[in-house]
Number of protein chains: 2
Amino acid sequence: MQLPPLVQTFVLHFGEMGSRWGINRTVGQIYAVLFVAERPLNADEIVERLGVSRSNVSMGLKELQAWNLVRLQHRPGDRRDYFATPEDVWQIVRTLVEERKKREIDPTLTILRELLMQRVETDAERHAQARLGEMHDLFELFTGWYDDMRRLETDRLVQLLSLGTKVQKVLEMKDRLTGRGGRADKRD
Amino acid sequence: MQLPPLVQTFVLHFGEMGSRWGINRTVGQIYAVLFVAERPLNADEIVERLGVSRSNVSMGLKELQAWNLVRLQHRPGDRRDYFATPEDVWQIVRTLVEERKKREIDPTLTILRELLMQRVETDAERHAQARLGEMHDLFELFTGWYDDMRRLETDRLVQLLSLGTKVQKVLEMKDRLTGRGGRADKRD
DNA sequence: TCGTTTTTTCAGAAATTTCTGAAATTGCTA
DNA sequence: TAGCAATTTCAGAAATTTCTGAAAAAACGA
């Protein structure tokens with residue numbers, strides 16, 4: 001592995017982390033290298049930096065492209081493919097969340113909905129169905145929220161996140177000022 | 001596998017999903033079985049339902065316990081260990097997020113901070129460090145937000161999530177009602 | 001303590017995933 | 001279309017993970 005120590009540490013860590021998610025070590029490392037690179041890199045440059053086979057890099061890049069996590073670019077007078085991560089880290093977050101939702105949440109929601117439609121016989125099944133209903137509602141709540149958030153401009157999003165719990169204060173104030181009620185059905 | 005079709009579908013799906021996260025298939029299946037069960041189950045009951053070896057179940061349960069995802073219980077006059085998931089799905093979410101943060105985010109933040117402290121020589125390293133800084137700030141923002149959210153009672157949390165983007169409206173209203181200012185530094 | 005039940009451990013088998021080198025394919029230019 | 005550069009594919013090798021049965025350990029009651 002041909003990298004400055006600082007970068008190497010990061011790349012190795014990111015590789016390990018990647019393998020805790022669905023992504024394998026090499027793919028994580030390729031991503032890390034691209035993330036910190038000063039300019040787009042071609043496959044051979046990645047091979048050089050990571051010391052893995054050319055074919056491995058090819059497959060890894062393909063996977064990253066399937067995740068929309070790297071962008072393919074070209075240099076004038078050079079037929080090789082160059083790869084880069086988006087400059088904007090928020091763009092990366094957005095893509096990552098979107099893709100994970102697509103692969104993990106959406107299919108689960110589909111299955112849950114199917115199972116909740118089924119007519120069942122036994123008590124055990126009825127109980128299972130009730131539990132699945134709880135899970136379903138949870139997922140719906142989260143995806144609904146996410147669907148709202150994704151629409152926000154990054155500035156606004158950051159503003160909201162920075163606010164954190166203080167939002168609660170604002171909500172309480174709203175409750176006071178508007179004389180309660182609204183939509184949230186509380187019953188205290 | 002000895003399960004009603006409805007449950008079996010869910011268990012198989014959850015096993016697959018589990019393996020996209022760091023958790024292996026069997027562990028995911030064990031969890032799914034416990035999640036939909038009407039009562040706590042002992043290891044042999046899980047073996048029966050899933051058709052895997054006793055030792056596999058033992059290891060799986062150990063892992064789930066390490067994740068704090070199952071609770072160990074006892075029945076009077078029965079020495080066997082019984083396992084259950086929390087009744088409250090929100091408790092499950094909280095644990096899951098907390099544990100993943102502990103295993104994935106926190107170590108990454110630690111490494112990022114270390115790398116950002118390092119004195120570097122080359123341009124490439126300086127650029128890498130800048131990128132790592134961006135990632136670090138992002139992680140800090142998220143963990144700060146999470147740290148706020150975890151403190152909220154579930155009701156409030158649900159309220160907030162249901163509100164979604166409307167929070168923004170509430171914020172604007174607040175601005176109007178309180179004559180601007182506050183802490184959120186807007187400058188439009 | 002001994003005998004019984006339950007759980008855990010662990011070495012090796014089985015299964016799966018990852019990685020490689022060689023060959024095939026693609027795409028370009030002359 | 002021949003020749004070259006770049007990329008992709010893929011069968012099998014290598015590495016890793018998962019799973020099992022057997023044995024050990026732990027927990028308990030008599």
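A note on names: the letters A, B, ... follow the listed sequences, proteins ahead of strands, and every chain is numbered from 1.
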In this structure, is the centre-to-centre distance between the rings of Trp21(A) and Phe14(A) below 6.0 Å?
no

Grab the CZ-C1' distance between Arg80(A) and dG27(C) for me, whole Å please.
15 Å

Atom-pair distance (CZ on Arg75(B); P on dT5(C)), nearest Å
19 Å

When all nucleic acid strands are considered with a 4.0 Å heavy-atom cut-off, which category describes Asn56(A): base, sugar-phosphate, or nothing?
base

Glu63(A) atom CD is separated from dC19(C) atom C1', nearest whole Å, by 14 Å

OP1, OP2 of dT7(D) versus side-chain N and O of Lys62(A): anything below 4.0 Å?
no

Closest-nucleotide 5' rank along DNA chain D - winner of Tyr82(A) and Thr26(B):
Tyr82(A)

Presence of Asn24(A) side-chain N/O under 4.0 Å of dT16(D) phosphate oxygens OP1/OP2:
no

Toward the 5' end of DNA chain D, by each residue's nearest nucleotide, Arg25(A) or Phe83(A)
Phe83(A)

Rounded distance (Å) that lies between atom P of dA6(D) and atom CD of Glu45(A)
12 Å

Could you tell me whether the side chain of Ser53(A) has a donor or acceptor atom within less than 3.5 Å of a complementary atom in the base of dG21(C)?
no

To the nearest Å, how far apart are Asp78(B) CG and dT5(C) P?
13 Å

Closest to side chain of Ser58(A), choosing from dT20(C), dT20(D), dT9(D)
dT9(D)

Counting any heavy atom closer than 4.0 Å, what does Asp81(B) reach on the DNA or RNA strands: base, sugar-phosphate only, or nothing?
sugar-phosphate

Pair Glu104(B) + Arg20(A): basic N to acidic O under 4.0 Å:
no

Go through Arg131(A) and Glu134(A) one step at a time and tell me if the salt bridge (charged side-chain N to carboxylate O under 4.0 Å, His left out) criterion holds.
CA-CA 5 Å; Arg131(A) 285 295 262 173; Glu134(A) 291 177 58; 3.6 Å; yes

May I ask you to decide whether Arg80(B) forms a salt bridge with Glu45(B), counting only side-chain N to carboxylate O separations under 4.0 Å?
no

Between Glu99(B) and Lys102(B), is there a salt bridge with N-O shorter than 4.0 Å?
yes

Nearest-Å distance for atom pair CZ/P, residues Arg54(A) and dA24(C):
18 Å

Integer-rounded Å distance: dT18(C) P and Gln29(A) CD
13 Å

With no angle test and no hydrogens, is the base of dA5(D) tied to the side chain of Arg79(A) by a donor-acceptor pair under 3.5 Å?
yes

In whole angstroms, how far is the C1' atom of dT6(C) from the NE2 atom of His74(B)?
10 Å

